[in-house]
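The figures here come from the full heavy-atom set of this structure, side chains too, leaving out hydrogens, waters and symmetry mates. Proteins come first, then strands; the chains are lettered A, B, ... in the order of their sequence lines, and each starts at number 1.
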Amino acid sequence: MNPINRKGYRLLHEGSFAFGRAERAGIRIDEQYCHKQLKSLENKERKLEKKIFNSKPGATWRSLYGSRAKLGSPDQLKAVLKKHYGLRIEGSVDKTVLASYNLPLLWAILRVRKLHKTRTTYLRGIASETLDGYLHPFFNLHTARTYRSSSSRPNFQNIPVRDPEVAKIVRRAFIARNGHCLVEIDYGAVEVRVAACYHEDPRMIRYLKTGFDMHGEMGAECYRTKKSQVSKDMRYAAKNRFVFPEFYGSYHKQVAPDLWNAIQELKLSLNDGTSLHTHLRKRGIKNFEDFGDHIERVEDRFWYEKFARYTEWKEEWLAAYRKTGYFDLKTGFRCRGWMRRNEVINYPIQGSAFHCLLWSFTRLDEEMRKRKMRSVIVGQIHDSILADVHLNELEDYIELATYISTKAIRKHWEWITLPLIVDVEIAPPDGTWYDKKERKVV
DNA sequence: TCGTTCACGC
DNA sequence: GACGTACGTGAACGAA
């Protein structure tokens, strides 16, 4: 830890007390539910495993390894694929690779992996750390190189949310205290906003101030459609396979295959139902070659026309680091040591964005105690805060949390030159974390 | 015991 | 013109 001024020091000092209070308060867990699900998942897993070993490729598996046969072994899997199908896989056998072969055996393996992960890492991890109905995950401020936080025993920051089946199984274990409900407040695009405070790119600032839909626009550009033709899935693909990777320092040769595979994987179609392959063919993109060339041009426009100032900033920032051997965060920290290009560019943004959360978390905790509120903050996930809120305090809590994290913070840190926004999600009083529903607040 | 692979989050 | 995805934790496997 290397704070360079009093503000930086105080942020971590007070933040660690606030995190400690959340850890002590804990999150209420439905232990009965956990144990029921653990058993049920174990059964499903065992049945599926049996089914796999009784199949034809499963027989090959048993003939090769006998009682030492393990579905979880990548080496064994590769040997079985080679013997049974004559299929040679070099290197990784992860989800994307296995899915691409579209074989019943491999889909079954992926399903076992998923059930197993859900049971062991999540439900078992939660159950074994729960004491008298409350879970107390650790929130650390001293482990991440980026000045972000981390969480462990269990890691509260990687609870499944994207896969609806798994999200449902795991998140239904998290419940509110009696007479309370769970409320999650998330910063919207905070890393993009904080980045803009560093590079001050005028076009990016205009986008952020007008609520412009960048993911939708890039969906249209990547797949050569009109903005009005962009479907929800296309936007999702553009966000996770173009915009974010590009911001993290990826480039077209990596990004283009992912965008291309998304067409199959997510069965992408236009708003009116036209298949994307058909559409692309009409626009002169007949194969992956063409598509790769197209994405290269999209990328060029993105960095050299749209966000030219951002691009300049990256080079200047890197050059300054290479000259001096360090760089400073706007939140009062100095980063030193040997770093690669992408690290130098990403750390200040990730770190400062997390510090916005940390400051808000700390102030909110302080104010809630001052007001003797019965609601408690129970956790944090990089850019969001989870609280267990007393029903009588619901409106007060939302108003206070929103005010602190969007308004008060800008009085404390004048370097935040852009508006910050939050989304509010609330679970019903008798609901679980899985049942949270969005409620837009600015 | 430790490095690698896999999978989950932001 | 070449280069090039950030950060975390945990479980299982398998070699040492």
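Residue A:Tyr347 is in sugar-phosphate contact alone, with no base atom involved, counting any heavy-atom pair closer than 4.0 Å across all strands shown. Within 4.0 Å (heavy atoms only), A:Lys70 reaches sugar-phosphate atoms of the nucleic acid but no base atom. A:Ser149 comes within 4.0 angstrom of no nucleic acid atom, judged by non-hydrogen atoms across all strands. Backbone-only contact: A:Glu343 has heavy atoms under 4.0 Å from sugar-phosphate atoms and none from a base.
Rounded to whole Å, atom C1' of C:dC3 lies 12 Å from atom CD1 of A:Ile345. A straight line from NE2 of A:His142 to C1' of C:dT9 spans 13 Å, rounded to a whole angstrom. Rounding to whole angstrom units, CD1 of residue A:Ile126 and P of C:dA11 are separated by 12 Å. In this structure, CZ of A:Phe354 is placed 16 Å from C1' of C:dA6, rounded to the nearest angstrom. Atoms CD (A:Glu45) and P (C:dA11) sit 14 Å apart, rounded to a whole Å. Distance, A:Arg145 CZ to C:dA6 C1': 10 Å, rounded to whole Å. In this structure, A:Arg340 places its CZ atom 13 Å from C1' of C:dC3, rounding to the nearest Å. Here the C1' atom of nucleotide C:dG4 and the CG atom of A:Asp300 are 14 Å apart, to the nearest Å.
Looking at A:Arg224 and A:Phe291, their side chains never come closer than 4.5 Å, going by heavy atoms from C-beta outward. The side-chain heavy atoms of A:Arg439 and A:Ile398, taken from C-beta on, include a pair separated by under 4.5 Å. Side-chain contact check for A:Phe333 versus A:His355: some heavy-atom pair is nearer than 4.5 Å.
By the 4.0 Å N-to-carboxylate-O rule, A:Arg46 lies too far from A:Glu49 to be salt-bridged with it. Under a 4.0 Å N-O distance rule, the pair A:Arg10/A:Glu14 qualifies as a salt bridge. For A:Arg309 and A:Glu316, the salt-bridge test passes: some basic side-chain N is under 4.0 Å from an acidic carboxylate O.
For the pair A:Arg334 and A:Tyr326, the distance from NZ or CZ to the six-membered ring centre is under 6.0 Å and the angle to the ring normal is within 45 degrees.
Aromatic ring centres of A:His215 and A:Phe244: separated by under 6.0 Å. Remark: aromatic rings of A:Phe242 and A:Phe302 are close, center separation under 6.0 Å. Note: A:Phe138 and A:Phe156 fail the aromatic proximity criterion, with ring centroids not under 6.0 Å apart.
Set against C:dG4, C:dC7, C:dA12, the side chain of A:Thr146 has C:dC7 as its closest nucleotide. With C:dA11, C:dT5, C:dT9 as the choices, the nucleotide that has an atom nearest any side-chain atom of A:Arg124 turns out to be C:dA11.
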Summarise protein proximity over nucleotides 2-10 of chain B in one line of letters, 5' to 3': B for base, S for sugar-phosphate only, - for none, counting protein heavy atoms closer than 4.0 Å.
----SBBSB
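Tested against A:Glu217, the residues A:Arg235, A:Lys306, A:Lys239 include a single salt bridge (Lys or Arg N to Asp or Glu O under 4.0 Å) partner, A:Lys306.
The phosphate of C:dG14 has OP1 or OP2 within less than 4.0 Å of a side-chain N or O from A:Ser73.
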As a check on the pairing definition, encode DNA chain C in dot-bracket form, counting Watson-Crick and G-U wobble pairs whose two distances are under 3.5 Å, and using | for partners outside this strand.
......|||||||||.
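Contacts between residues 302-320 of chain A and DNA chain B, defined by a heavy-atom separation below 4.0 Å, involve no residue at all.
Put simply, CE on A:Met204 and CG on A:Leu208 are 6.5 Å apart, with the number rounded to the nearest 0.5 Å.
Rounded to whole Å, the P atom of C:dT5 lies 23 Å from the corresponding atom of B:dC10.
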